[in-house]
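Because only heavy atoms are used, hydrogens play no part in the values below, and waters and symmetry mates are left out as well, while side chains stay in.
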Amino acid sequence: MDDILDEWGTAIAKSKMKVNEHPRKTAKKVCSFMIFSCLCFREVGLRRDIAHKIRGLNERIDKIVVEKNRFHFKLLEAGTKQLEHHETTSFIDVEEVKGRENDKDSVIEMLLSESSQGPVLRTISLVGMGGIGQTTLAQLVYNDRVVETHFDKRIWVCVSDPFDEIRIAKAILEALKGSASDLIELQTLLENIQPLIRGKKFLLVLDDVWNEDSTKWEQLRNSLKCGCLPGSRILVTTRNRNVAKCMGSSPTDILELGLLSTDECWSLFSQLAFFEKNSRERGDLEDIGRQIAAKCKGLPVAAKSLGSLLRFKRSRAEWESVLNSHVWEIKEAESNLLAPLWLSYHDLPSEMRRCFSYCAVFPKDFRFRRDTLIKLWMAQGFLRETQNKEMEVMGRECFEALAARSFFQDFEKDEGDGSIYECKMHDMVHDFAQNLTKNECFSVEIDGAAESKIDSFSRDARHSMVVFRNYETDLLPATIHSFKKLRSLIVDGGPSSMNAVLPKLIADLSCLRTLRLSRCGMEEVPSNIGKLIHLRNVDFSHNYIRELPEEMCELYNMLTLDVSGCFLNQLPNNIGKLVKLRHLRVGNYCVNSCFVNMRGVEGLSSLGELDEFHVSGGDKESNIRDLRNLNQLQGSLRIRWLRDVKDPAEVEKAELKNKKHLTRLDLWFDSNTDREKINDDKVLEALEPPPNIESLEIRDYEGVIPVLPSWINKLRVVSLRDWRKIENLPPLGKLPSLEELTIDGMECVGRVGREFLGLKVGIGEMTSSSSNTIIAFPKLKSLSFYGMRKWAEWEGDGGEGEGGIRGTNISISTIIMPSLRYLKIWNCPKLKALPDYVLRSTTLEQLTITDSPILEEQYLKAGGKGWPNASHTPNITII
């Protein structure tokens with residue numbers, strides 16, 4: 001049905017585009033009428049074709065209904081079957097627990113530590129994926145003798161789902177009093193609890209909490225606060241970091257449980273698997289057992305389940321069968337292993353379930369990027385845009401929710417905002433996702449025996465990822481052509497050239513919505529790609545493509561197009577037809593890469609991501625004013641070939657000031673032509689950058705910045721690279737928000753002095769009070785210098801000093817770089833010494849010196865003259 005509606009919508013969009021291409025002007029009335037009439041007749045024919053397809057679809061549905069009635073199938077509403085939450089208790093056999101000693105010590109320390117400034121009742125949360133051992137760790141802590149003697153009262157409540165305040169209050173009262181009688185009102189229960197905890201220090205364990213509504217917990221928490229002694233604690237176990245926050249845990253009071261080590265996992269597995277087995281049996285099975293334990297990837301519930309299963313299996317063949325099987329194929333272990341994940345899965349909103357199950361398309365241990373995954377979800381229609389929320393925002397919320405529920409792990413986080421940008425799934429979670437999509441998603445690794453591997457998958461599959469282990473050696477399996485229903489084809493790792501097979505592949509896989517062929521040796525894109533009308537996500541990056549066929553502009557549903565790292569000279573002339581396009585990447589990321597004519601992008605008003613825009617000085621190629629209408633751009637934008645701008649007035653027409661969602665701007669003043677007159681100063685002055693810009697890079701600039709423009713004050717990150725004519729650095733010390741500064745390739749700079757610090761002060765800049773303080777680089781944390789081959793002197797200023805303004809009684813004290821933590825100097829061969837304000841810094845944590853021989857000799861540990869002044873810096877690295 002989706003494909004039929006897609007076909008209809010695409011045809012309508014195409015018809016409208018044709019009409020717009022032929023406006024009915026007075027001088028061409030007859031011609032225009034004929035064109036319009038032809039389009040109308042074509043639309044009638046199209047309506048007939050779509051109607052036939054819908055009729056055929058209805059007939060298929062009618063047959064299914066007949067079969068359902070014949071065999072008396074019943075329709076069950078989703079969600080009617082309640083999954084069982086196991087009731088937990090505080091009792092545990094400590095001898096059976098392996099690992100978690102460090103985690104136990106950490107939790108006990110949090111429970112016992114007291115601070116006069118802390119809250120009366122702290123909430124500590126143990127967070128992790130289902131089966132990782134939160135409950136076990138809570139039981140260990142609860143039964144520890146030190147904990148037992150520290151608290152006057154200990155209470156254990158298994159909460160589970162739903163979060164029932166009255167049931168929880170009854171359980172607390174029963175633990176304190178021995179019975180909860182027949183009380184049914186929350187108010188009465190809380191009134192009975194308060195006298196029992198007044199003046200006492202208690203520990204309350206709330207195990208297996210799923211509630212994300214803080215209002216449900218608020219009344220109970222407030223009641224427990226009243227009257228209890230400081231040092232009372234609540235210990236929560238949950239699978240969801242958001243639940244921990246909802247229950248009142250601060251970031252420092254949340255402990256995210258990691259996986260067991262290899263040795264700990266083996267110890268837990270082997271004590272169960274080899275129970276009552278003699279030394280001969282153990283010797284015969286240990287090698288297979290270690291492979292099975294490794295397969296558990298540190299997940300305690302997997303080690304326990306498979307160990308318990310193998311406890312009663314004594315033959316090598318039985319153990320090998322377990323080793324070579326998927327989790328869901330092991331009937332005896334499936335319920336124990338997958339049950340915790342089923343609970344987490346059913347806790348997800350329905351729209352998130354589709355997003356999670358799609359992740360089965362990736363192979364095990366595959367690291368995927370957040371933004372890439374979101375674009376894949378968008379292509380399949382899993383994210384529905386609303387009036388107030390874009391698809392990308394919904395995708396990020398979905399990703400973060402899955403990560404918070406521990407479906408993802410091994411996070412790589414952005415150093416700036418701490419957001420996750422890359423991760424992977426645990427093998428057991430991956431097995432669970434595959435179990436959900438057995439005939440829908442598959443991944444296959446190609447290492448020679450391609451056809452036999454891929455032939456085993458269902459031809460009804462919708463999503464596939466093909467991974468090549470031998471770079472540019474193996475061919476794409478011919479069998480892939482038979483998967484006619486594929487909606488996603490992702491190729492990773494680089495097969496041998498796909499130029500010969502690509503036209504037929506496109507012809508055979510007409511349902512594709514995602515086609516990712518990065519690093520596949522492609523030299524051209526076949527013209528029949530215009531037939532893939534459902535296509536929404538295309539990645540042809542890092543190939544040898546020089547041009548894209550005009551037929552690509554017929555893909556009206558396109559949302560993402562990535563041709564970065566290719567050898568493009570220009571985009572298709574009619575690229576503006578792709579009015580739904582939201583993400584466009586064309587950058588080559590190489591300083592010496594070619595100019596790309598991007599004329600036509602001015603029509604892409606939905607564009608939210610554009611990595612690079614190339615400008616020229618002529619009207620026949622992309623001009624900087626073409627950026628005028630692209631006000632939805634977000635994130636970062638690099639503008640290249642700025643030296644080729646003939647008229648600085650054109651820069652103002654780009655209206656960068658209206659790009660409110662851009663946070664990073666890279667300005668490259670490279671040139672594609674030989675220019676006699678250089679307007680870099682005027683072009684930079686004419687730029688009115690986006691109001692929320694935080695990061696700026698200026699490369700190949702040949703102007704002079706005597707005074708910093710006012711808009712630069714908000715910048716947090718600045719990079720200045722390859723300014724070949726400048727002799728003095730601009731006064732960057734004046735920037736109040738600057739945290740990270742990189743200076744690279746300043747060929748003519750021989751000295752860095754007070755002008756860099758921005759300490760020159762005029763009478764009008766100071767108040768007439770008796771004392772004033774100037775702070776140079778007040779927030780700077782990271783400072784890097786690269787490739788400053790003529791730089792010999794870095795002038796100091798005594799770290800802190802006092803002076804005055806001539807002709808006044810105003811005294812001035814100076815503070816320089818009070819927040820500096822990281823300093824890196826690379827390839828500065830003539831630099832003689834570091835300034836005193838750096839050497840005396842008490843905040844500097846890391847000093848790195850590379851390819852700078854004079855400095856290296858100065859600050860070597862053994863006998864360097866500068867070592868005594870720098871030795872207090874914790875980490876000094878000389879390479």
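- Other residues, nucleotides and ligands contribute only 12 or fewer heavy atoms inside 6.0 Å of the CZ atom of Arg519.
- Using a cutoff of 4.0 Å between basic side-chain nitrogens and carboxylate oxygens, Lys779 and Glu739 are not scored as salt-bridged.
- Taking 4.0 Å as the cut-off between side-chain N and carboxylate O, Glu445 and Lys364 do not count as a salt-bridged pair.
- If you check the side chains of Arg516 and Thr560, you find no donor sitting under 3.5 Å from an acceptor.
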Please test Thr877 against Gln846 for side-chain hydrogen bond (donor to acceptor under 3.5 Å, both in side chains), starting from the C-alpha separation and ending with a verdict. CA-CA 8 Å; Thr877 303; Gln846 176 73 53; 3.1 Å; yes

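- The distance from the OG1 atom of Thr848 to the CD1 atom of Ile878 is 9.5 Å, given to the nearest 0.5 Å.
- More than 12 heavy atoms of other residues, nucleotides or ligands sit less than 6.0 Å from atom NZ of Lys375.
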Determine whether Leu376 and Phe362 satisfy the following criterion, side chain to side chain contact (heavy atoms under 4.5 Å, CB included), listing intermediate values before the conclusion. CA-CA 12 Å; Leu376 292 172; Phe362 302 124; 4.0 Å; yes

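- Using a 4.5 Å heavy-atom threshold, the side chains of Gln632 and Glu390 count as touching.
- Looking at every heavy atom in both residues, Leu610 comes nearest to Leu637 through O-CD1, 3.4 Å.
- Within the 4.5 Å cutoff, side-chain heavy atoms of Leu696 are placed close to those of Leu667.
- Between the side chains of Asp744 and Thr742, no donor N or O sits under 3.5 Å from an acceptor N or O.
- The structure places CG of Leu561 at 11.5 Å from NE2 of His583, a figure rounded to the nearest 0.5 Å.
- Atom-to-atom distance recorded for Ser819:OG and Leu780:CG is 8.0 Å, nearest 0.5 angstrom.
- Ring-plane geometry between Tyr786 and Trp826 is classed as tilted, the angle between the planes lying from 30 to 60 degrees on a 0 to 90 degree scale.
- Judged by distance alone, the side chain of Asp611 and the main-chain N or O of Val586 form a donor-acceptor pair under 3.5 Å.
- Under 3.5 Å, the side chains of Thr238 and Gln134 contain no donor-acceptor pair of N or O atoms.
- A salt bridge does not link Asp670 with Arg699: none of the charged nitrogens is closer than 4.0 Å to a carboxylate oxygen.
- Using a 4.5 Å heavy-atom threshold, the side chains of Thr663 and Gln634 count as separate.
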Check the pair Asp562, Ser564 against side-chain hydrogen bond (donor to acceptor under 3.5 Å, both in side chains), reporting the backbone distance first and the verdict last. CA-CA 6 Å; Asp562 189 347; Ser564 59; 2.7 Å; yes

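- Salt bridge Arg369/Glu412: absent, no basic N to carboxylate O contact under 4.0 Å.
- You'll find the side chain of Phe269 stays beyond 4.5 Å of the side chain of Lys295, heavy atoms only.
- Heavy atoms only, all atoms of each residue included: Gly381 and Arg354 are closest at O-NH2, 3.8 Å.
- Smallest separation of non-hydrogen atoms from Asp539 and Ser541: OD1-OG, 2.7 Å.
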List the steps, then state whether side chain to side chain contact (heavy atoms under 4.5 Å, CB included) holds for Leu665 with Ile639. CA-CA 8 Å; Leu665 188 63; Ile639 305 177; 4.2 Å; yes

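- The nearest pair of heavy atoms linking Leu257 to Ile132 is O-CD1, 3.3 Å.
- Closest approach of Leu348 and Arg405 over heavy atoms only: CD2-CD, 3.3 Å.
- Judged by distance alone, with hydrogens and angles left aside, the side-chain atoms of Arg513 form no donor-acceptor pair with the main-chain N or O of Asn537 at under 3.5 Å.
- Atom-to-atom distance recorded for Ser464:OG and Phe442:CZ is 3.0 Å, nearest 0.5 angstrom.
- The number of heavy-atom neighbours closer than 6.0 Å to CG of Asn102, taken from other residues, nucleotides and ligands shown, is 12 or below.
- Ring-centre distance between Phe408 and Phe399: below the 6.0 Å cut-off.
- The pair Arg821-Glu845 meets the salt-bridge criterion, with a side-chain N (NZ, NE, NH1 or NH2) lying under 4.0 Å from an Asp/Glu carboxylate O.
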Candidate pair Asp365 and Lys297, rule salt bridge (Lys or Arg N to Asp or Glu O under 4.0 Å), full reasoning: CA-CA 11 Å; Asp365 281 328; Lys297 292 293 181 73; 3.1 Å; yes

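- The two atoms that bring Leu255 and Met110 nearest to each other are CB-CE, 4.2 Å, heavy atoms only.
- Between the OG1 atom in Thr252 and the CD1 atom in Ile124 there is a gap of 9.0 Å [rounded to 0.5 Å].
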For the pair Met425 and Phe356, evaluate side chain to side chain contact (heavy atoms under 4.5 Å, CB included) and give the outcome as yes or no after the intermediate values. CA-CA 10 Å; Met425 291 192 294; Phe356 166 70; 4.0 Å; yes

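- Not a single donor-acceptor pair under 3.5 Å links the side chain of Thr437 to the backbone N or O of Glu440.
- Remark: Lys98 does not engage Glu264 in a salt bridge, criterion side-chain N to carboxylate O under 4.0 Å.
- Heavy-atom contacts from other residues, nucleotides or ligands closer than 6.0 Å to OH of Tyr544 number 12 or fewer.
- With hydrogens and angles left out, the side-chain atoms of His463 and Ser488 include a donor and acceptor closer than 3.5 Å.
- For the pair Ser737 (side chain) and Leu715 (backbone), a donor-acceptor distance under 3.5 Å is absent.
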Take Ser443 and Phe457, measure what side chain to side chain contact (heavy atoms under 4.5 Å, CB included) needs, and give me the verdict at the end. CA-CA 10 Å; Ser443 62; Phe457 297 106; over 6 Å; no

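- Side-chain atoms of Thr237 and Asp207 include a donor-acceptor pair closer than 3.5 Å.
- The CG atom of Asn543 sits 6.5 Å away from atom OG of Ser518, with the distance rounded to the nearest 0.5 Å.
- Between Arg721 and Asp666, none of the side-chain N atoms (NZ, or NE/NH1/NH2) sits under 4.0 Å from a carboxylate O, so this pair counts as no salt bridge.
- We find that Arg582 and Glu392 are joined by a salt bridge, their nearest charged nitrogen and carboxylate oxygen being less than 4.0 Å apart.
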